[in-house]
Participant: 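There's a structure below that I have some questions on.
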Amino acid sequence: MTSRRPATLVEVARRAGVSLTTASKAINGKNRVSEETRARVMAAAQELSFTPNPIARGLITGRTSTVGVIIADSMTHRFAMPVMLGAEAALGEIDLSMITCDARGDQARSLELARMLAARKVDGVLIVGDNNAITTSVTRHVDVPVVYVYGESDDPGDSVHMPDDQGGISLMVDHLAGAGRRRIVHLTGPRDMTAVTHRVDGLLARLRDHQLELAAPVVYGRWSQRWGRAAVTDLLAQVRDVDAVLCGSDQIASGVLVALDELGRRVPDDIAVTGYDNWEVFALETEPQLTTIDMNLEELGAAAARDLFTIIDGAPRQGGVRRHACDLVVRGSSVRRT
């Protein structure tokens with residue numbers, strides 16, 4: 001007769017009618033859980049014969065309570081760091097720790113790191129990718145659960161968590177159209193990048209919803225202040241009556257603001273300028289401050305970490321890309337003074 005597999009924390013949370021985080025806090029005696037909720041969770045754990053002690057549970061399940069995190073490319077540090085902070089916070093709430101490795105943009109090294117982490121008996125692997133590139137899947141090469149975040153895998157069966165770039169830029173179009181802007185142009189990064197493609201697709205579709213079209217073809221270039229400054233200067237010399245410059249990044253938008261000041265164009269009275277990323281070093285240091293899109297990267301990392309844990313804890317893997325909502329952050333660069 002085969003023995004029943006150990007109950008999982010996910011099952012305890014479901015039985016008690018609480019979130020995974022609340023169940024973990026209740027079982028581990030942490031604060032900010034009411035006594036009524038704690039009693040309900042403990043009763044569910046007892047009914048399911050759940051083993052709350054991490055050492056004893058590790059002996060039963062073979063788990064180490066450690067997750068490996070691979071940064072696909074340290075050059076994306078600005079975006080990877082908030083994702084990792086969110087993941088670390090979520091894992092900490094359920095008593096898991098992290099081992100972090102850097103693949104340095106080398107996909108072969110990423111596979112080597114995944115194999116090394118699996119050999120060290122981590123319970124799962126979280127791969128923090130690059131929203132501008134598709135990552136080669138390592139899932140079939142290791143025997144632990146793998147979840148991808150902020151970077152799509154080339155295997156459609158992988159579990160992937162991404163910002164909703166089409167939805168995010170649609171929020172910006174709604175904002176500009178609602179403010180009466182009709183002559184909109186778009187300056188963005190390299191044409192072949194995944195995030196650029198998704199944002200342009202979302203932009204054009206949402207403009208059609210408003211019965212609008214771009215005042216000029218999309219201008220592709222570099223994620224650069226210098227490039228943004230030069231590109232908008234050239235564009236405005238050719239296109240008349242532009243009343244909004246929608247930029248694919250805050251860095252580009254920062255350069256655009258410099259150029260408009262040099263040209264004597266008032267922002268936002270003459271031309272609205274918007275960015276993307278809510279990168280505070282640019283968005284809050286410009287004059288005026290930038291209206292932008294926040295991809296909520298910490299929340300994205302937390303969602304991916306919780307998804308990884310549910311797979312580690314016994315739930316079946318739900319493959320496919322889950323896109324998480326972005327937020328519009330309105331500041332002075334797009335709202336006319338009254």
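Keep in mind that what you see is a predicted model, and the values were worked out from it rather than measured.
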Participant: How many angstroms lie between atom CG of L300 and atom CE of M162, to the nearest 0.5 angstrom?
Facilitator: 8.0 Å
Participant: Just jot down the side-chain contact (heavy atoms from CB on, under 4.5 Å) partners of D143, sequence neighbours excluded, or say none.
Facilitator: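 Residues passing side-chain contact (heavy atoms from CB on, under 4.5 Å) with D143: A118.
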Participant: Measuring from I271:CD1 to R183:CZ, what's the distance to the nearest 0.5 Å?
Facilitator: 11.0 Å
Participant: Can you check whether I99 reaches R120 side chain to side chain, under 4.5 Å on heavy atoms?
Facilitator: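 They are in side-chain contact.
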Participant: Report whether L284 and M295 are members of the same hydrophobic cluster (ILVMFWY, side-chain heavy atoms less than 4.5 Å apart, transitive linking).
Facilitator: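 No.
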Participant: Could you check whether any side-chain heavy atom of D123 comes within less than 4.5 Å of a side-chain heavy atom of V144, counting everything from C-beta outward?
Facilitator: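 Contact flag for D123/V144 side chains = no.
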Participant: How would you list, by chain and number, every residue that makes a side chain to side chain donor-acceptor pair (under 3.5 Å) with Y276, sequence neighbours excluded?
Facilitator: D165
Participant: Please report the shortest heavy-atom distance between I312 and P145, naming the atom on each side.
Facilitator: CG1-CG, 4.0 Å
Participant: If you apply the rule side-chain contact (heavy atoms from CB on, under 4.5 Å), what do you find for Q166 with D201, and how did you get there?
Facilitator: CA-CA 7 Å; Q166 290 193 15; D201 289 346; 3.9 Å; yes
Participant: Evaluate the side-chain proximity of S110 to L113: yes if any heavy-atom separation is below 4.5 Å, no if none is.
Facilitator: no
Participant: Around atom CD of E36, are there more than 12 heavy atoms of other residues, nucleotides or ligands at under 6.0 Å?
Facilitator: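 Incorrect, the count does not exceed 12.
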Participant: Which heavy atom in L187 sits nearest to a heavy atom in G228, and how many Å separate them?
Facilitator: CD2-O, 4.0 Å
Participant: How long is the straight-line distance from SG of C247 back to CZ of F282, given to the nearest 0.5 Å?
Facilitator: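 Answer for the CZ-SG pair, F282 versus C247, is 12.5 Å.
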Participant: Are I169 and L246 close enough that some pair of their side-chain heavy atoms sits under 4.5 Å apart?
Facilitator: yes
Participant: Apply side-chain contact (heavy atoms from CB on, under 4.5 Å) to residues D158 and V146 and explain how you reach the verdict.
Facilitator: CA-CA 8 Å; D158 283 335; V146 180; 5.8 Å; no
Participant: Rounded to the nearest 0.5 Å, what separates atom CZ in R78 from atom CG in D277?
Facilitator: 5.5 Å
Participant: Taking only residues two or more places apart in sequence or in another chain, which ones pass side-chain contact (heavy atoms from CB on, under 4.5 Å) with A244?
Facilitator: L176, R181, I184, A272
Participant: Partners of Q238 by side-chain contact (heavy atoms from CB on, under 4.5 Å), sequence neighbours excluded?
Facilitator: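 By the side-chain contact (heavy atoms from CB on, under 4.5 Å) rule, Q238 matches D234.
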Participant: Would you check if the side chain of R104 reaches a backbone N or O of D73 as a donor-acceptor pair within less than 3.5 Å?
Facilitator: no
Participant: Of all residues at least two apart in sequence or in a different chain, which pass the side chain to side chain donor-acceptor pair (under 3.5 Å) check with T286?
Facilitator: none
Participant: V258: which other cluster members, linking ILVMFWY side chains closer than 4.5 Å, directly or transitively?
Facilitator: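 Its cluster mates, by chain and number: none.
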Participant: Using the side chain to side chain donor-acceptor pair (under 3.5 Å) criterion, which residues pair with R15? Sequence neighbours excluded.
Facilitator: E47
Participant: The test is side chain to side chain donor-acceptor pair (under 3.5 Å); show your working for T194 and T197 and say whether it passes.
Facilitator: CA-CA 5 Å; T194 305; T197 300; over 6 Å; no
Participant: Yes or no on salt bridge (Lys or Arg N to Asp or Glu O under 4.0 Å) for R14 and E11, after CA distance, side-chain angles and deciding distance?
Facilitator: CA-CA 5 Å; R14 187 179 300 120; E11 291 168 336; 5.3 Å; no
Participant: About how many Å separate CZ of R265 and CG of L236, when rounded to the nearest 0.5 Å?
Facilitator: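 It comes to 5.5 Å.
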Participant: Flag yes if I71 and L91 sit in one hydrophobic cluster, no otherwise; membership is Ile, Leu, Val, Met, Phe, Trp, Tyr, and two members link when side-chain heavy atoms are under 4.5 Å apart.
Facilitator: yes
Participant: Is there side-chain contact between M116 and C101, with heavy atoms separated by less than 4.5 Å?
Facilitator: yes
Participant: Mind checking what makes side-chain contact (heavy atoms from CB on, under 4.5 Å) contact with A16, not counting sequence neighbours?
Facilitator: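 Scan of A16 (side-chain contact (heavy atoms from CB on, under 4.5 Å), adjacent residues dropped) gives V18, R40, V41, A44.
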Participant: So if you build clusters from Ile, Leu, Val, Met, Phe, Trp, Tyr with side-chain heavy-atom gaps below 4.5 Å, do I127 and V147 land together?
Facilitator: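 No, I127 does not connect to V147 through the hydrophobic network.
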Participant: Indicate yes or no for a side-chain donor-acceptor contact from T310 to the backbone of D307 under 3.5 Å, with no hydrogens or angles considered.
Facilitator: yes
Participant: Return the minimal non-hydrogen interatomic distance between I293 and M172, and the atom names on each side.
Facilitator: CG1-CE, 3.8 Å
Participant: With rounding to the nearest 0.5 Å, note down the distance linking CD in E112 to CG in L117.
Facilitator: 12.0 Å
Participant: Please give me the minimum heavy-atom distance between H141 and R115, naming the atom from each residue.
Facilitator: ND1-NH2, 3.4 Å
Participant: Side chains of L85 and M81: does their closest heavy-atom pair fall under 4.5 Å?
Facilitator: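 The answer is yes; the side chains approach within 4.5 Å.
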Participant: Are more than 12 heavy atoms, taken from residues, nucleotides or ligands other than R317, located less than 6.0 Å from that residue's CZ atom?
Facilitator: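 Yes, enclosed.
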Participant: Please table the atom pairs, donor to acceptor, closer than 3.5 Å between any side-chain atom in residues 323-335 and protein atoms at least two apart or in another chain.
Facilitator:
residue : atom : partner : partner atom : Å
R323    : NH2  : E152    : OE2          : 2.9
H324    : NE2  : H161    : ND1          : 2.8
D327    : OD2  : N296    : ND2          : 3.2
R331    : NH1  : N278    : OD1          : 3.1
R331    : NH1  : L290    : O            : 2.9
R331    : NH2  : N278    : OD1          : 3.0
S333    : OG   : V273    : O            : 2.5
S333    : OG   : T291    : N            : 2.8
S334    : OG   : H175    : NE2          : 2.7
S334    : OG   : T291    : OG1          : 2.7

Participant: Group every Ile, Leu, Val, Met, Phe, Trp and Tyr by side-chain heavy-atom contacts under 4.5 Å, then state whether V128 and W279 land in the same group.
Facilitator: no
Participant: Would S137 and D154 count as having a side-chain donor-acceptor pair, cut-off 3.5 Å?
Facilitator: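 Side-chain D/A pair, S137 to D154: absent.
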Participant: Taking the side chain from D130 and the backbone from N132, do they hold a donor-acceptor pair closer than 3.5 Å?
Facilitator: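 Looks like yes, one N/O pair under 3.5 Å.
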Participant: Salt bridge check, R109 against D106: does any charged N sit closer than 4.0 Å to a carboxylate O?
Facilitator: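 Result for this pair is no, no salt bridge flagged.
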Participant: How about N131 and P163: do any of their side-chain heavy atoms sit closer than 4.5 Å?
Facilitator: yes
Participant: Using the ring-ring contact (aromatic ring centres under 6.0 Å, His included) criterion, which residues pair with Y148? Sequence neighbours excluded.
Facilitator: none
Participant: Might you point out which heavy atoms bring A114 and V138 nearest each other, and give the distance in Å?
Facilitator: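 Distance-wise, the nearest heavy atoms are CB-CG2, 3.9 Å.
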Participant: Less than 4.5 Å apart, side chain to side chain, heavy atoms only: is that true for S159 and R322?
Facilitator: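 A side-chain contact exists here, since the closest heavy-atom pair is under 4.5 Å.
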Participant: Please tell me whether V160 and I70 are part of a single hydrophobic cluster in this structure, the criterion being side-chain heavy atoms less than 4.5 Å apart.
Facilitator: yes
Participant: T292: which residues meet the side chain to side chain donor-acceptor pair (under 3.5 Å) condition with it, sequence neighbours left out?
Facilitator: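 Per chain and number, T292 pairs via side chain to side chain donor-acceptor pair (under 3.5 Å) with D250.
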Participant: List, one per line, each side-chain donor-acceptor pair under 3.5 Å for residues 207-223, sequence neighbours excluded.
Facilitator:
residue : atom : partner : partner atom : Å
D209    : OD2  : R206    : NH1          : 3.3
H210    : NE2  : D174    : OD1          : 2.7

Participant: Any donor-acceptor pair under 3.5 Å linking the side-chain atoms of T37 with those of S34?
Facilitator: yes
Participant: If you look at every heavy atom in I252 and G189, which pair is closest and at what distance?
Facilitator: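 Smallest heavy-atom distance, with atoms named: CD1-N, 4.1 Å.
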Participant: Counting only N and O atoms by type, is there a donor-acceptor contact under 3.5 Å from the side chain of T233 to the main-chain atoms of A259?
Facilitator: no
Participant: Starting from the C-alpha separation in whole Å, work towards a yes-or-no answer on side-chain contact (heavy atoms from CB on, under 4.5 Å) for L235 and V185.
Facilitator: CA-CA 9 Å; L235 185 64; V185 295; 3.6 Å; yes
